[in-house]
Amino acid sequence: MLVDSHCHLDFPDFADDLDAIVARADAAGIGRIVSISTRVRRLASLLAISERFRNVYCSVGTHPHHADEEDGITAGELIDLTQHPRVVALGEAGLDNFYQNGSPEAQERGFRAHIAAARATGLPLVIHTREADDDCGRILEDEMAKGSFRAVLHCYTGGRELAMKAISLGLSISFTGILTFKKSQALRDLAAELPADRIMVETDAPYLAPGKFRGKRNEPSYVVEVAKVLAEARGVSLEEISRQTTANFFRLFSKVPAA
Ligand SMILES: [Zn+2]
Ligand SMILES: [Zn+2]
């Protein structure tokens with residue numbers, strides 16, 4: 001079994017053939033899918049999707065791109081929304097200096113509110129960090145000192161220093177199709193170096209289609225292409241990577257039933 005720990009099934013890209021996409025994931029042995037929230041105010045449509053499919057769960061959070069639009073959402077509101085049985089994580093929240101769609105101040109406020117909610121609930125936080133290694137590392141250390149929380153750095157494209165800091169703080173690191181791109185040798189070298197109990201795979205679909213699907217719409221069944229490259233980079237079999245990453249997923253996303 002493999003798991004797609006991060007995709008966006010509520011995006012319009014999937015509106016016309018969602019049933020077929022989930023069925024293809026089932027057929028490909030993708031045992032669980034977590035559809036990640038990007039706007040707290042749109043949680044209802046995400047919940048409708050996760051209630052429709054047995055193996056699809058969701059998170060609740062504000063993507064840094066929407067940090068201004070959802071500025072002021074409190075940890076308390078987030079905590080209330082996690083009471084729903086299909087909501088299994090916080091996020092995605094964090095920092096994005098690449099697109100600069102949300103102001104840095106609102107991004108940091110949102111990031112810290114999500115961390116507070118993760119700390120209070122014990123649920124994992126899905127962290128989006130892009131071109132923001134120093135600020136992300138600073139906030140993680142600062143917040144961890146206030147009390148521990150669980151989290152994953154998703155779609156990792158940052159440097160070795162932030163990755164190792166995250167590992168030392170107890171966090172996990174997840175890889176997308178970017179790992180399969182020719183130019184990503186440094187990322188594959190880093191992926192080979194991380195502890196086996198802290199790595200996960202995801203698609204971030206509809207974006208970032210891996211390997212042979214590059215340029216097309218991505219979907220959860222393609223997560224196997226990410227797992228293949230991760231296995232190769234680490235010098236282990238696909239079976240071994242599937243076992244490790246799936247076990248890591250269930251340990252971190254502990255609200256998702258394993259059976
Ligand atoms: Zn992201
Ligand atoms: Zn995402």
Side-chain angles (χ1 to χ4, degrees), residues 3-14 18 21 25 30 32-43 45-47 49-50 56-70 78 87-102 104 106-108 110-111 113-115 118 123-133 135-137 139-140 151-159 162-163 166 171-181 184 187 199-210 213 217-223 226 249 252-253:
V3 168
D4 185 0
S5 62
H6 188 125
C7 62
H8 299 283
L9 296 185
D10 60 329
F11 283 18
D13 312 66
F14 296 122
L18 193 55
I21 278 160
I30 315 307
R32 303 287 185 281
I33 295 170
V34 186
S35 190
I36 300 294
S37 170
T38 56
R39 287 176 169 112
V40 173
R41 301 293 179 229
R42 297 198 182 174
L43 183 63
S45 60
L46 203 48
L47 281 174
I49 289 170
S50 60
V56 177
Y57 294 82
C58 70
S59 66
V60 61
T62 304
H63 191 289
H65 288 180
H66 305 297
D68 290 308
E69 181 188 327
E70 297 203 333
L78 293 166
V87 175
V88 298
L90 279 310
E92 56 182 298
L95 308 171
D96 193 317
N97 288 329
F98 183 74
Y99 288 107
Q100 301 186 311
N101 281 335
Q107 289 189 11
E108 179 164 343
F111 190 16
H114 284 74
I115 290 173
L123 295 176
L125 170 61
V126 178
I127 297 173
H128 173 107
T129 174
R130 183 135 187 223
E131 309 270 321
D133 282 25
D135 288 331
C136 185
I139 292 168
L140 289 176
V152 54
L153 297 185
H154 108 91
C155 187
Y156 197 73
T157 56
L162 176 61
L171 274 51
S172 298
I173 294 188
S174 177
F175 296 99
T176 59
I178 291 175
L179 191 73
T180 71
F181 299 168
S184 300
L187 193 61
I199 48 174
M200 295 201 305
V201 287
E202 63 175 288
T203 59
D204 209 6
Y207 309 124
L208 301 172
F213 303 110
R217 180 186 68 172
N218 198 1
E219 62 173 73
S221 63
Y222 297 170
V223 76
V226 181
F249 168 82
L252 184 60
F253 287 72

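What you see is a predicted model, and the numbers here were worked out from it, not measured in a lab. Counting convention: from 1, in listed order, for ligands and their atoms alike.
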> Are any of the side-chain heavy atoms of Val152 and Pro124 separated by less than 4.5 Å?
Replying inline: no
> Has His128 got an N/O/S atom less than 2.8 Å from the Zn ion (ligand 1)?
Replying inline: yes
>> Name the residue from Val126, Ile33, Val34 that meets the side-chain contact (heavy atoms from CB on, under 4.5 Å) definition with His6.
In response: Val126
> Can you tell me if His154 has an N, O or S atom under 2.8 Å away from the Zn ion (ligand 1)?
Replying inline: yes
> Is the distance between the Zn ion (ligand 1) and the nearest N/O/S atom of Glu92 smaller than 2.8 Å?
Replying inline: yes
> N/O/S atom of His8 under 2.8 Å from the Zn ion (ligand 2), yes or no?
Replying inline: yes
>> Can you see whether Glu92 engages His8 through a side-chain donor-acceptor pair at a distance of less than 3.5 angstrom?
In response: yes
>> Let me confirm one number: the CG-CD1 distance from Leu78 to Ile115, rounded to the nearest 0.5 Å.
In response: 12.0 Å
> When rounded to the nearest 0.5 angstrom, what is the spacing between OG in Ser35 and CZ in Phe11?
Replying inline: 8.0 Å
> the Zn ion (ligand 2) is nearest to which N, O or S atom of Asp204?
Replying inline: OD1
